[in-house]
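The model shown is predicted, which means the values in this text are computed figures rather than measured ones. Because only heavy atoms are used, hydrogens play no part in the values below, and waters and symmetry mates are left out as well, while side chains stay in.
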Amino acid sequence: MNNGKVDVLLGLQWGDEGKGKVVDVLTPRYDVVARFQGGPNAGHTLEFNGEKYVLRSIPSGIFQGGKVNIIGNGVVLAPDLFMDEAKALEASGHPLKERLHISKKAHLIMPTHRVLDAAYEAQKGKNKVGTTGKGIGPTYTDKVSRTGLRVGDILDDFPAKYAAAKARHEAILKSLNFDYDIAEVEKKWLEGVEYLRQFPIVDSEHEINGLLREGKSVLCEGAQGTMLDVDFGSYPFVTSSNTICAGACTGLGIGPNKIGEVYGIMKAYCTRVGAGPFPTELFDETGKKIRDLGHEYGAVTGRERRCGWIDLVALRYSIMVNGVTQLIMMKSDVLDGFDTIKACTSYKVNGTETRDFPYNIEKGIEPVYVELPGWKTDMTKFASEDQFPKAFRDYIAFLEKELETPITIISIGPDREQTIVRK
């Protein structure tokens, strides 16, 4: 039997690495694109043919005709936000209902989950995590405490199941003395539930393994980034799911022996949104310049991203826990105008130098930098790596040596065409 292959594409930093564009670029090589974790808190931005799209829950392969797109069991789905996103895509000429399948086992984000998100953040005060307020954490909490609602539940006695779950949340909110009004949100949410019924709601683990048995190739798409993984990220300032490669197995029902290539996406520098430690963060004009040149604002939230130099300690760690086989470097063009580029190669932890990523990076961390000459060249119009200036080729070689992994794709601008696949 001709078994297909599964490749995984994921972010290696604190999210926002540019995964959506890369999935769109790579999709022509695959038959299936499957999202395996996260929710509408993670926006993937794609630009092509003069249009800009932000995807929150729908896999980035949706723009390529003839592909199967799957929202896997590891995803948490908000029916109202999904409906808005899907209708906007359909209005712009992208047919969804024949391209998009949704797992019965994906969990539903309820209106009261968003209220709980706000209530828990308010309780934490100055220790708040900086969530997007989309209800992601409380939904995953219900999942692991075995009280969650799943997409498959909308097919069987849904009103009673919804009422019971809502009542549980209302009891918690009452104990927290948190005022809220979800009447309007709930009305639209229930419309979203009805809209969901128009899509194929499937046993996605059976579907995806059946496609593999037919010899189909699958690209698994992660959301957020490795440093936000609930186990291996900068806990507690993390998301509520496993963003690493292993999450593709649990979030889609794929055996680990099916995994082939693991594409790790990184920026040529580093960013972070929300609260939490960030060892190479820049608080000076350089950090502001990177933010402005890179348009570093959240695709979903619009929040300013914190910016800093590339962190090779964190990247080596991410490459290790994911088993990365190829690196993809995004936003190289943002550094086009800098005289000097810095890269953090190790940390001083309470005075002792280490190349290993430590348990706690909240305090006592001093980044140790190597300085490299900038390339001072506008690369956005380049069509091949042969045009790269020597200083940029040296930067790539330096990173490959430090990270012991080849950089096979380089992005030099936001458009689909501004992508160079290296020989």
Side-chain angles (χ1 to χ4, degrees), residues 4 6-10 19 23 30-42 44 55-62 67-79 81-82 85-86 96 99-110 113 134-156 158 161-162 165 192-193 196-197 199-213 216 218-224 228-231 239-259:
V6 178
D7 294 342
V8 181
L9 182 142
L10 36 76
K19 293 175 287 294
V23 175
Y30 296 90
D31 303 303
V32 182
V33 180
R35 173 93 177 263
F36 64 83
Q37 52 76 222
N41 55 334
H44 290 176
L55 300 179
R56 293 166 174 80
S57 299
I58 294 170
S60 303
I62 204 72
K67 310 290 180 183
V68 177
N69 287 263
I70 297 172
I71 294 176
N73 58 275
V75 173
V76 290
L77 195 64
L81 302 182
F82 170 79
E85 183 180 346
L96 260 68
R99 293 184 186 176
L100 181 63
H101 302 176
I102 302 168
S103 174
K104 290 178 185 174
K105 292 185 170 70
H107 278 248
L108 292 171
I109 303 171
M110 296 169 53
H113 281 133
K134 295 285 192 297
I136 310 298
T139 306
Y140 278 113
T141 299
D142 278 2
K143 177 177 179 174
V144 296
S145 62
R146 306 181 295 280
T147 56
L149 278 182
R150 299 186 292 177
V151 171
D153 289 326
I154 73 174
L155 306 176
D156 177 37
F158 182 66
K161 291 176 181 176
Y162 175 69
V193 169
L196 262 183
R197 296 179 194 272
F199 287 81
I201 295 172
V202 300
D203 293 301
S204 56
E205 64 276 30
H206 289 299
E207 180 180 41
I208 205 162
N209 282 287
L211 288 164
L212 286 170
R213 281 193 294 273
K216 304 294 187 188
V218 179
L219 182 63
C220 304
E221 176 185 13
Q224 289 113 359
L228 294 173
D229 183 271
V230 69
D231 282 295
T239 194
S240 303
S241 58
N242 284 115
T243 60
I244 62 170
C245 183
C249 297
T250 56
L252 292 168
I254 295 169
N257 62 334
K258 302 286 198 302
I259 304 290

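In this structure the side chain of I70 never reaches within 4.5 angstrom of the side chain of V218, judged on heavy atoms. Between L211 and D31, every side-chain heavy-atom pair lies at or beyond the 4.5 Å cut-off. The side-chain heavy atoms of I136 and I109, taken from C-beta on, include a pair separated by under 4.5 Å. At least one side-chain heavy atom of F82 sits under 4.5 Å from a side-chain heavy atom of I102.
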- Let me see the working for S241 and T239 under side chain to side chain donor-acceptor pair (under 3.5 Å), right down to the final yes or no. CA-CA 6 Å; S241 58; T239 194; 4.6 Å; no
- Task: Dump the intermediate steps for side-chain contact (heavy atoms from CB on, under 4.5 Å) on L77 and L196, then the final yes or no.
- Result: CA-CA 10 Å; L77 195 64; L196 262 183; 3.8 Å; yes
- Item | Working for side-chain contact (heavy atoms from CB on, under 4.5 Å), residues F158 and L108 | CA-CA 12 Å; F158 182 66; L108 292 171; 4.1 Å; yes
- CA sep, side-chain torsions, deciding dist, call: I254, C220, side-chain contact (heavy atoms from CB on, under 4.5 Å): CA-CA 10 Å; I254 295 169; C220 304; 4.0 Å; yes
- Task: Please report the C-alpha distance between V6 and L252 in whole Å, then the side-chain angles of each, then the deciding distance to 0.1 Å, and finally whether the side-chain contact (heavy atoms from CB on, under 4.5 Å) criterion is met.
- Result: CA-CA 11 Å; V6 178; L252 292 168; over 6 Å; no
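In this structure, R35 contributes its side chain and Q37 its backbone to a donor-acceptor pair below 3.5 Å. Looking at D229, its side chain does come within 3.5 Å of a backbone N or O of D231 through a donor-acceptor pair. The backbone N or O of K216 lies less than 3.5 Å from no partner atom in the side chain of Y30, so there is not a single donor-acceptor pair. Here the side chain of E85 pairs a donor or acceptor atom with the backbone of I58 at under 3.5 angstrom. Checked by atom type and distance alone, the side chain of K105 never pairs as donor or acceptor with a backbone atom of R150 at under 3.5 Å. The closest donor-acceptor contact from the side chain of K19 to the backbone of Q224 lies under 3.5 Å.
Of all heavy-atom pairs spanning L10 and C245, the tightest one is CD2-N, 3.3 Å. In this structure, P59 and N69 approach most closely via the heavy-atom pair CB-OD1, 3.5 Å. Scanning all heavy atoms of the two residues, the minimum distance from G72 to S204 falls at CA-OG, 4.4 Å. Closest heavy-atom contact between L149 and K161: CD2-CB, 3.7 Å. Summarising the geometry of A78 relative to P40, their closest heavy-atom pair is CB-CG, 4.3 Å, with the distance given to 0.1 Å. The two residues K134 and L81 have their closest heavy-atom pair at CD-CD1, 3.9 Å.
Listed by chain and number, the residues in a salt bridge (Lys or Arg N to Asp or Glu O under 4.0 Å) with E207 amount to none (sequence neighbours excluded).
Partner of F36 under the side chain to side chain contact (heavy atoms under 4.5 Å, CB included) criterion, chosen from V8, V75, T250: V8. A salt bridge (charged side-chain N to carboxylate O under 4.0 Å, His left out) with K104 is found for exactly one of D153, D156, D203, namely D203.
The distance from the NE2 atom of H101 to the CG atom of L96 is 10.5 Å, given to the nearest 0.5 Å. One finds the CG atom of L100 at 5.0 Å from the CD1 atom of I62 (value rounded to the nearest 0.5 Å). Summarising the geometry, atom CD1 belonging to I71 is positioned 6.0 Å from atom OG belonging to S57; distances are rounded to the nearest 0.5 Å.
In this model, no donor atom of one side chain and acceptor atom of the other lie less than 3.5 Å apart for H107 and D142.
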